[in-house]
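Per chain, numbering begins at 1; letters A, B, ... match sequence-line order. From a predicted model like this one, the values you see are computed outputs, not experimental measurements.
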Amino acid sequence: MYIALRRTADGVEATDVGDDGIPGSPVRVDDLAAWVAVRERERPRWVWSDTATWYPPLLAAGVRVERCQDLRLCHAILRGAGMLEPDPAWDGPRPVRTTTPDGLFELEPEPDDADPVAELARQRSAVADDPKRALLLAAESVGALVAAEMTFAGLPWRADEHDRVLTEHLGRRVPGGRPEKLEALAARLREILDAPALNPDSHPELLRALQNAGLRVESTSKWELLEIEHPVVAPLLEYKQLARLLSANGWAWLDQWVRDGRFRPVYVPAGVVTGRWASDGGGALQLPKQIRRAVIPDPGWKLVVADASQLEPRVLAAMSGDRAMARAGQQTDMYQAIVDAGAVETRRQAKYGMLGAIYGGTTGESGRMKPRMERAFPTAMAYVEAAARAGERGEVVRTWLGRTSPPGTGLGYDETATDAQKRSTQQRAAAWGRFTRNFVVQGTAAEWALSWMGSLRRRLWDLGSGSLVERPHLVFFVHDELVVHTPAELADAVADALRESAAEAGRLLFRGAPVEFAVSVGIVDRYSDAK
DNA sequence: TCGGAAAGCGCC
DNA sequence: AAAGGGCGCTTTCCGA
């Protein structure tokens with residue numbers, strides 16, 4: 001059964017909807033959290049406009065729910081697939097969040113025409129004969145619950161450790177200036193380049209200084225510098241790395257984002273066109289390896305870190321139905337299995353061949369491996385090639401569960417086009433083909449990850465007792481990696497749950513496909529100790 | 001003075 | 001050694 005919630009001018013209105021789709025009479029709800037806690041015992045699927053606005057106040061009040069349907073996220077999926085009519089009430093972007101002084105989200109009235117009961121009916125009808133998309137809607141929605149829960153719980157973060165890492169790398173803080181070691185490096189660069197006024201943070205200035213010193217470079221980028229032999233290269237690369245650490249995750253970041261021993265990034269489910277999550281503020285999904293030393297569990301607790309190894313290659317094997325690639329995907333090290341199968345000679349070749357298949361690489365090692373990959377894995381290669389060709393023609397492609405790519409635009413030309421126009425259009429078409437090629441794999445990998453998370457979430461809840469943060473709970477997610485914060489005595493059980501959930505996600509999406517979704521799991525006292 | 005673009009690099 | 005796909009974020013620069 002479903003319970004649809006709606007914010008009206010005079011409070012929250014709730015409507016029961018049976019599995020037959022027949023709604024009851026709306027009732028007024030005064031104390032939402034208390035009411036939800038009571039009704040949750042019936043294990044309904046909560047239906048609401050947007051998990052990001054409804055769920056945080058419930059979590060803050062100590063209420064966790066098992067299931068929901070996030071109408072806005074689901075609407076976007078179905079609209080993209082052309083399965084719903086345009087609807088201004090639901091087509092728009094996510095509502096702007098406003099925060100109250102106590103940090104809770106204000107619930108603003110929703111427009112009159114945004115009727116959750118009617119929208120639920122349309123969405124249910126759209127997927128009634130489409131079990132894969134129905135699964136996608138469920139996965140998307142449970143992902144939204146996890147996102148809110150991870151923000152609520154926060155990633156355990158030791159500010160003192162973070163400060164230690166920064167001071168170790170950058171030197172002592174200097175008010176209004178660069179930290180000591182960084183400034184010393186800047187001084188060395190000025191000396192080596194004989195540019196006393198150089199600000200190495202300015203790309204144009206730096207480029208001019210490099211060129212004046214006789215370096216033949218077109219940019220200041222790392223990969224170009226690596227090809228040059230010159231005494232300035234090593235200290236410059238070190239400077240760049242440290243300057244980035246300071247600006248992206250330095251003391252200012254620490255002050256802004258870490259409170260009471262927790263980093264609470266805001267995740268944006270489906271924030272990326274492929275269905276991957278994005279994050280809003282704090283750069284959560286780009287947390288540098290160096291700084292993960294500050295992620296330390298509470299006393300008596302552990303972090304369990306799990307990484308889905310070679311996820312996208314396995315996903316490609318499963319979704320394309322390529323039997324030879326699936327056989328390789330049964331091994332823990334899929335790249336080595338590709339070597340053992342005789343497709344290529346070295347593990348490195350297998351890796352680059354696979355990356356080329358997924359990203360559309362045409363040059364270098366990827367390009368060289370392509371014929372061998374096509375010989376060894378014709379079905380999988382044809383699958384991604386078809387996605388690329390469709391994209392080049394401006395067609396829409398879809399993931400395994402049915403998320404659709406945006407249509408390509410401006411990829412055709414007529415006879416009046418000049419040669420230059422034709423060339424540039426062809427380049428755009430090729431680029432869009434690389435995008436759609438990657439879309440089907442990256443998007444399906446994101447679906448697998450949502451299923452993994454959803455399955456794990458249920459298992460973690462069943463492992464412990466008490467409130468969400470008293471039980472083992474998810475605290476971090478980056479595309480194919482999960483981090484669980486758990487009481488130490490449950491860490492082994494959590495590790496098992498992570499592996500079982502991965503297997504379950506594989507079965508749920510690709511029932512029958514003989515691909516093993518291997519995960520590497522570590523139980524650690526620091527995030528940086530994983531792997 | 002402010003906002004957006006570009007460059008560059010962190011993550012997957 | 002990247003490359004080839006997807007992002008977010010910071011700094012600097014430049015034009016409205």
At under 4.0 Å, does any side-chain N or O of A/Arg276 touch on OP1 or OP2 of C/dC7?
no

Please confirm whether the shortest side-chain N or O distance from A/Ser202 to OP1 or OP2 of C/dT11 is below 4.0 Å.
no

Counting side-chain heavy atoms from C-beta on, which of C/dC7, B/dC12, C/dG8 comes nearest to A/Ser279?
C/dG8

Nucleotide paired to C/dA1 in any strand shown, Watson-Crick or G-U, under 3.5 Å:
none

A/Arg434 has a side chain; which of C/dG5, C/dA2, C/dC7 sits nearest to it?
C/dG5

Could you please name the option among C/dC13, C/dG5, C/dT10 that lies closest to any side-chain atom of A/Ser247?
C/dT10

Phosphate oxygens OP1/OP2 of C/dA2: is one of them under 4.0 Å from a side-chain N or O of A/Lys222?
no

What integer distance in Å separates A/Glu238:CD from B/dC9:P?
15 Å

Do A/Tyr55 and A/Glu149 have a side chain donor and acceptor closer than 3.5 Å?
yes

Spacing of A/Glu447 atom CD relative to C/dG6 atom P, expressed in whole Å:
17 Å

For A/Gly356 against A/Arg437, the heavy-atom pair lying closest together
O-NH1, 4.3 Å

Does A/Asn249 reach a base, just sugar-phosphate, or nothing at all? Heavy atoms under 4.0 Å.
nothing

Whole-Å distance, A/Asp307 CG to B/dC11 P, equals 14 Å

Rounding to a whole Å, what distance do you find between A/Arg368:CZ and C/dA1:P?
15 Å

Spacing of A/Leu242 atom CG relative to B/dC9 atom C1', expressed in whole Å:
13 Å

Closest to the A/Trp223 side chain: C/dT11, C/dC7, C/dA2?
C/dA2

Using the side-chain heavy atoms of A/Gln442, tell me which of these nucleotides is nearest: C/dA3, B/dA7, C/dG6.
C/dG6

In whole Å, what is the span from the CG atom of A/Asn438 to the P atom of C/dG5?
8 Å

Base, sugar-phosphate, or nothing: which does A/Val441 touch, judged by heavy atoms less than 4.0 Å apart?
nothing

In whole Å, I'd like the distance from the CG atom of A/Asp201 to the P atom of C/dC9.
20 Å

Can we call the ring centroids of A/Trp253 and A/Phe263 under 6.0 Å apart?
yes

In plain terms, say whether A/Arg293 and A/Glu168 are close enough for a salt bridge, that is, a side-chain N and a carboxylate O under 4.0 Å apart.
yes

Which is true for A/Gly282 with a 4.0 Å heavy-atom rule: it touches a base, it touches only sugar-phosphate, or it touches nothing?
sugar-phosphate

Looking across every strand, which nucleic acid part, if any, lies under 4.0 Å from A/Gly356 by heavy atom: base, sugar-phosphate, or nothing?
nothing

From CG of A/Leu225 across to C1' of C/dA1 the rounded distance in Å is 13 Å

Begin from the C-alpha positions of A/Asp333 and A/Gln310 and carry the test side-chain hydrogen bond (donor to acceptor under 3.5 Å, both in side chains) through to its verdict.
CA-CA 8 Å; A/Asp333 184 347; A/Gln310 302 150 354; 3.3 Å; yes

Run A/Val268 and A/Trp277 through side chain to side chain contact (heavy atoms under 4.5 Å, CB included) and show every step you take.
CA-CA 5 Å; A/Val268 187; A/Trp277 288 11; over 6 Å; no

With the side chain defined as heavy atoms from C-beta on, A/His203 is closest, among C/dG5, B/dC12, B/dG8, to B/dG8

Contact class for A/Ser221 vs. all strands (heavy atom < 4.0 Å): base, sugar-phosphate, or nothing?
sugar-phosphate

DNA chain C nearest-nucleotide lookup for A/Gly281 and A/Gly361: closer to the 5′ end is A/Gly361

From the options B/dG8, B/dG10, C/dG6, select the nucleotide whose nearest atom is closest to the side chain of A/Ser219.
B/dG8

Base, sugar-phosphate, or nothing for A/Glu365, non-hydrogen atoms under 4.0 angstrom?
base

For B/dG8, does the glycosidic angle fall within 90° of 0 (syn) or outside that (anti)?
anti

Could you tell me whether A/Thr220 contacts a base, only the sugar-phosphate backbone, or nothing, with contacts defined as non-hydrogen atoms closer than 4.0 Å?
sugar-phosphate

Are A/Trp251 and A/Trp257 close enough that their ring centers fall under 6.0 Å?
no

Looking only at side-chain atoms of A/Lys240, point me to the closest of C/dA3, B/dC9, C/dC7.
B/dC9

In Watson-Crick or G-U wobble terms, both distances under 3.5 Å, what is the partner of C/dT11?
B/dA6

Reckon A/Lys289 has a side-chain N or O less than 4.0 Å from the OP1 or OP2 of B/dC12?
yes

The side chain of A/Arg244 lies closest to which of these nucleotides: C/dT12, B/dG10, B/dC11?
B/dG10

